[in-house]
Every structure is written in structure tokens, then in C-alpha cells.
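Have a look at the structure below before the remarks.
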There are 2 protein chains.
Amino acid sequence: MQNFFPILASSTLFKGMTEEELKAILNCLKAVPKNFSKDEYIFHMGDTIKQMGLVLTGSVHLSKEDYWGRKTIHAEIGQGDIFAESFASAVHKSPLNAYCAKNSTILFMDIRKVLSVCSSSCSFHNTLIHNFVAVLAEKNIKMSAKIENLTQKTTKDKLLIYLSNQSQLQQSAKFTIPFNRQELADYLSVDRSAMSMELGKLRDQGIIAYDKNTFEILNKNLTTG
Amino acid sequence: MQNFFPILASSTLFKGMTEEELKAILNCLKAVPKNFSKDEYIFHMGDTIKQMGLVLTGSVHLSKEDYWGRKTIHAEIGQGDIFAESFASAVHKSPLNAYCAKNSTILFMDIRKVLSVCSSSCSFHNTLIHNFVAVLAEKNIKMSAKIENLTQKTTKDKLLIYLSNQSQLQQSAKFTIPFNRQELADYLSVDRSAMSMELGKLRDQGIIAYDKNTFEILNKNLTTG
DNA sequence: CCTTTTTTGTTGGAATTACAACAGCAATAT
DNA sequence: ATATTGCTGTTGTAATTCCAACAAAAAAGG
């Protein structure tokens, strides 16, 4: 367990904790690491989930098969990140498969132990709960933003809403985005070339200006040609 | 506060608690109800949020204005439901406005008090934390499912994924959905009539059968005409 | 510097979708 | 029974989007 301290200390769940604090809380949680081979399944769709996982080494894929057997990968969980926390906290049944994309070491934690302050001896449990809730809440906010974008009917509206949100987040009409064109198209779930065309139109209409990842919203009425 | 006990007891956050337990925990949280008039704002975009809200009476709308002043309502929060919990837990800045659609009474709770077990005298704080996390986790799971649907490029794929998921959730090839056609179209963010046409095609191809809200997935290869 | 690779913009045709308008049907009310 | 209302399916047209292929520009590597 010793050698995992650096990973844990920089993880979303345990961030900000010292080695001493980590020792105390890991003892309190009675969490044990477990090794998995590449392509080995951690759990399957429909399994009852009571533990969350934290990737100590390697990488985990969350995947799904629909009724007709078509497979999709829904997320890749890397070192220091947690998974299955929502399934363990709420529905207790997983709608997804989890398998290791590489040889991996996973730390499993009973969700009840994570969320219940056990004894006064473990003084860092409150911090853990705060971190855990912050992770859930942040995912929530990001997903809400994504849904807002995906709900727009046209590519133009998806772009305008996305850019408007970025501008508001960075509190400036000029801002940079964390995507290249292909990534932005994937995020908005549209065709890259069609999106590129819409960006060009918006620039020609004087609504936005851009250079690579830097965008600027110009104070133009949307209806103006 | 007395008269709000029935509402609280059936709320997502405090469900399952007796009046005695509620008294203890409300005392522990030092939560105070506050009245708002119709159309009165609770907070604005960009405000720093440290408290979550619970609607005791009335109704709250979460809304947003984009860069060009176009307004949209993102959610309606009704009696017994909570809001602003994610903003208070993570980013601390609200990307949304909250205002009352009717005269309302809101119970505000400091998020730190909700998440930190204060003293041993309040034995139900652990239950509260579990409930709180369950609410966040459930929203998370629902949003993931919605994103999966919205990400599909064609109406046909949106329908197939949605129906496949419902079938898997209800563990049966035959199942009912909680939407009528217009609501389903809104959920999938497509045009109702176009969706209706796609449903007809899928039925003609022998892939699905349906009558009103009852659907059945027939064991047909997707590529079959 | 030149070559290779990656990213971005552009085009045209095929497919899909939105939109509007209307008809059929069921449920409800008068 | 009749009228009203709401829900669903159908149709045709216009607009949008996807897709594939290619060109231009930028970045990376030798």
C-alpha cells in the first residue's frame, strides 16, 4: 500500500491529505487493492454494486452493449480517478460493464464506510466526504452543461450556446477553449466539416471571431446578417 | 416549522425520518425557512453559493441567459425537492439564476453543516449524508443516460438506444415508457413527427412493436429490412 | 530546409431532419 | 349524440446535416 501514497495524495478523492492522514483514513476504510489483468472484467451490467473503485495503476473502461449487441465505451477511467461511485450510492445495479484496458490495480472501498463517519478516531472522514461529494457535484455540473449543448437542434445553436457558456465561465468575451475542432465536434456530437462551415458563417456575419483555440464573441445582434 | 414536517418527511433528502429525528437534525443544521414572492430572485448567475435550498412550498425555476440575452428555463423545482446542491458542493459559483415561479417558502441549509457530522448528539446525520449523496448520484445516472441518447446522430439510433435501455432496465423485451410521443421527442431532442415516422419504419421492419406507451423489441437483426 | 503528419477549411451529393399543415382517432365534456 | 380537446400518424417541402474526398495550412520530425 505504501507505494500508492503519491497516487492517492493527488487523487480527486484524497487530495490535500498528508501521508499521515491517508494512513489513518485508509485504515478506517479497510480498503484493499486488487490486481486485474488486461481485458479482465471488474463487474458486468446488472451486477449489484456496493463498492466504488479507485484506479491505482492502469486504466478502466466503462462499456455497454445494447439489445442488439452493439458495444460502446462510455468512459475511460485513469490513474487516481474513481468509478462506480454513483451506482454504489444510488441504484446499486450497474448499467455498465467495467473492465481493465491494461493490467491494473484497483482500490475498492465500501460506499457505506466512505459515507458513514465511524468513530471519532478518524478525524479526516469529513474531508473525505466533502471531496467525494465535490466529485459527484462537479460531474453533475459538467453533464448539465453538456446536455444543454446537445439539446440544441442546430449546429449553429450548439456552437452559440457552447461559446456563450465558455465566455461566461471565463468572464470575458475573448477566451480559449480546451478542444480542437474534431474534439469540439465530438463534444457537440456533430460533423466536424459541417461545424467548420457554421463557424465560418458566424465569423462572416460578424458574430464571432476566432483564431485556432481562441474565440471572441463580438457584440452583434444574432439576427443581423 | 412544525407545519412543514409532512413535506420534509416525504422529501428526497429527509425521507424515511420520523418527526423526532427530523426535529433533531433540523436543530443540528440550524436551517431557517424564508419566504419569497412570485418572480423574486433567490440568486443570480455568478453569485457565490454556499447554501442549498429545499422547496417547502411553491416552485422554483432555474434559468439562464446566454450572451445575447436569450432566456431558457433549465429546471422546475417543486415541493420537497432540493436545488443548488451541486453549486454549493463544488464550483461555488452558480451558472444559473434561481427565482420563484410562485410565492414560495425555501429552507436554506449550509452545505458544510449538511456534510459535516457535528456532534455525537445528532445521530441521524449519517442518514442525511446518505440521502444527499443518493440524490446526487441518481441525478448523475439519469443524466448519463440522457447524454447517451442525445449523443446518437440519427433519430433512429436515439430511439433504438432509448428503447434498448428501457428494456434492460425493466429486464424485459416488452415494457412501457413514461412518456407520450411529444415528451419522448422532447427528451430525445428531435421533431415529434420525424420521430413518429422512424417509429413506423422500425415497426414495418419488424424490429419493434408498439401500442401507445407499450413497446416490445422483437428479436430481429438490425440490418434486416 | 524538406518531408511527413496533423489539423482545418471547402465542396458536392445523398440522406436526414425540421417545420407546417392536416387527418384520424380516442378521451372527455356538454 | 355532439362538440371539444388532445394525441398520434402522415405528407410534402425546405433546410440542415452527414459523408467522403480533397486542398490548404500548420505543426512536428528528421
Side-chain angles (χ1 to χ4, degrees), chain A residues 70 72 146-163 166 174-218 222-225, chain B residues 70 72 146-163 166 174-218 222-225:
Chain A
R70 299 180 299 180
T72 45
K146 181 158 189 171
I147 287 174
E148 186 190 4
N149 282 313
L150 292 176
T151 301
Q152 305 303 318
K153 291 239 169 74
T154 64
T155 302
K156 178 183 169 187
D157 276 332
K158 286 183 179 183
L159 282 169
L160 288 177
I161 293 291
Y162 177 79
L163 295 174
Q166 288 300 311
K174 197 168 185 175
F175 52 90
T176 61
I177 67 170
F179 295 136
N180 64 24
R181 295 290 183 275
Q182 183 62 60
E183 289 166 339
L184 180 58
D186 289 343
Y187 179 80
L188 299 177
S189 198
V190 296
D191 180 70
R192 182 194 57 78
S193 66
M195 186 190 78
S196 197
M197 232 182 57
E198 286 298 330
L199 279 174
K201 272 199 227 167
L202 288 172
R203 183 182 47 196
D204 294 346
Q205 292 169 357
I207 295 170
I208 63 171
Y210 58 87
D211 179 51
K212 297 177 190 174
N213 291 0
T214 304
F215 285 77
E216 183 174 5
I217 304 185
L218 310 170
L222 273 188
T223 53
T224 322
Chain B
R70 298 180 299 181
T72 44
K146 182 160 188 170
I147 287 175
E148 186 190 4
N149 282 312
L150 292 176
T151 301
Q152 305 303 317
K153 290 238 170 72
T154 65
T155 302
K156 177 182 170 186
D157 276 333
K158 287 184 179 182
L159 282 169
L160 288 177
I161 292 291
Y162 177 78
L163 294 174
Q166 288 298 311
K174 197 168 184 174
F175 52 90
T176 61
I177 67 170
F179 294 135
N180 64 25
R181 296 291 183 275
Q182 182 63 61
E183 289 166 339
L184 180 58
D186 288 343
Y187 179 80
L188 299 178
S189 199
V190 296
D191 179 69
R192 182 192 58 76
S193 67
M195 185 189 80
S196 198
M197 233 182 58
E198 287 298 330
L199 280 173
K201 273 199 227 166
L202 288 171
R203 183 183 47 197
D204 295 346
Q205 291 168 357
I207 296 169
I208 64 171
Y210 59 88
D211 178 52
K212 296 178 187 174
N213 291 359
T214 304
F215 286 77
E216 183 173 5
I217 304 185
L218 309 170
L222 272 189
T223 52
T224 321

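Keep in mind the model is a prediction, meaning the values are calculated, not measured. The chains referred to below are lettered A, B, ... by the order of the sequence lines, with proteins before strands, and numbering in each begins at 1.
We find that NZ of B:K158 is positioned 10 Å from P of D:dC18, with the value rounded to whole Å. Taking atom CG of B:N180 as the reference point, atom P of D:dT5 lies 19 Å away to the nearest angstrom. Note: CD1 (A:I177) to P (C:dT7) measures 14 Å, nearest angstrom. Straight-line distance from the CZ atom of B:R203 to the P atom of D:dT8: 13 Å, rounded to whole Å. Summarising the geometry, the separation between OH on A:Y210 and C1' on C:dT7 is reported as 13 Å, rounded to the nearest angstrom. Here D:dG9 presents its C1' atom at 13 Å from CD of B:Q182, a figure rounded to the nearest Å. Atoms CG (B:L202) and P (D:dG9) sit 12 Å apart, rounded to a whole Å. C:dG9 atom P lies 11 Å from atom CG of A:L184, rounded to whole Å.
Proximity of B:F215 to B:I177: side-chain heavy atoms (C-beta onward) are separated by under 4.5 Å at one or more points. Using a 4.5 Å heavy-atom threshold, the side chains of A:Y210 and A:L199 count as touching. Side-chain contact check for B:I147 versus A:I147: some heavy-atom pair is nearer than 4.5 Å. Residues B:K156 and B:K201 form no side-chain contact, since every pair of their non-hydrogen atoms from C-beta on lies 4.5 Å or further apart. A:L159 is listed as a side-chain neighbour of A:L188, based on a closest heavy-atom distance under 4.5 Å.
Summary for the helix from C:dC1-D:dG30 to C:dT30-D:dA1: the axes at its two ends, each from 5 pairs, differ by 40° when rounded to the nearest 10 degrees.
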Can you check nucleotides 14-20 of chain C for protein contacts, nitrogen or oxygen pairs under 3.5 Å, and list what you find?
from, atom 1, to, atom 2, distance (Å)
C:dT17, OP1, B:T155, N, 2.4
C:dT17, OP1, B:T155, OG1, 3.2
C:dA18, OP2, B:D191, N, 2.9
C:dC19, N4, B:S193, OG, 3.3
C:dA20, N6, B:S193, OG, 3.4

At a cut-off of 3.5 Å, list every protein nitrogen or oxygen paired with a nitrogen or oxygen from nucleotides 24-27 of chain D, distance to 0.1 Å.
from, atom 1, to, atom 2, distance (Å)
D:dA27, OP1, A:K212, NZ, 2.7

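The two residues B:P178 and B:Y162 have their closest heavy-atom pair at CD-OH, 3.5 Å. When all heavy atoms of B:E148 and B:Q152 are compared, the pair lying nearest together is O-NE2, 3.2 Å. Nearest heavy-atom pair, A:F179 versus A:L184, reported as atom, atom and distance to 0.1 Å: CB-N, 3.6 Å. Shortest non-hydrogen contact noted between B:R192 and B:Q182 is CD-OE1, 3.3 Å. Between B:N180 and B:N213, the shortest heavy-atom contact is CA-OD1, 4.2 Å.
A salt bridge is absent between B:D211 and B:K174; no separation between the charged side-chain nitrogens and carboxylate oxygens falls under 4.0 Å.
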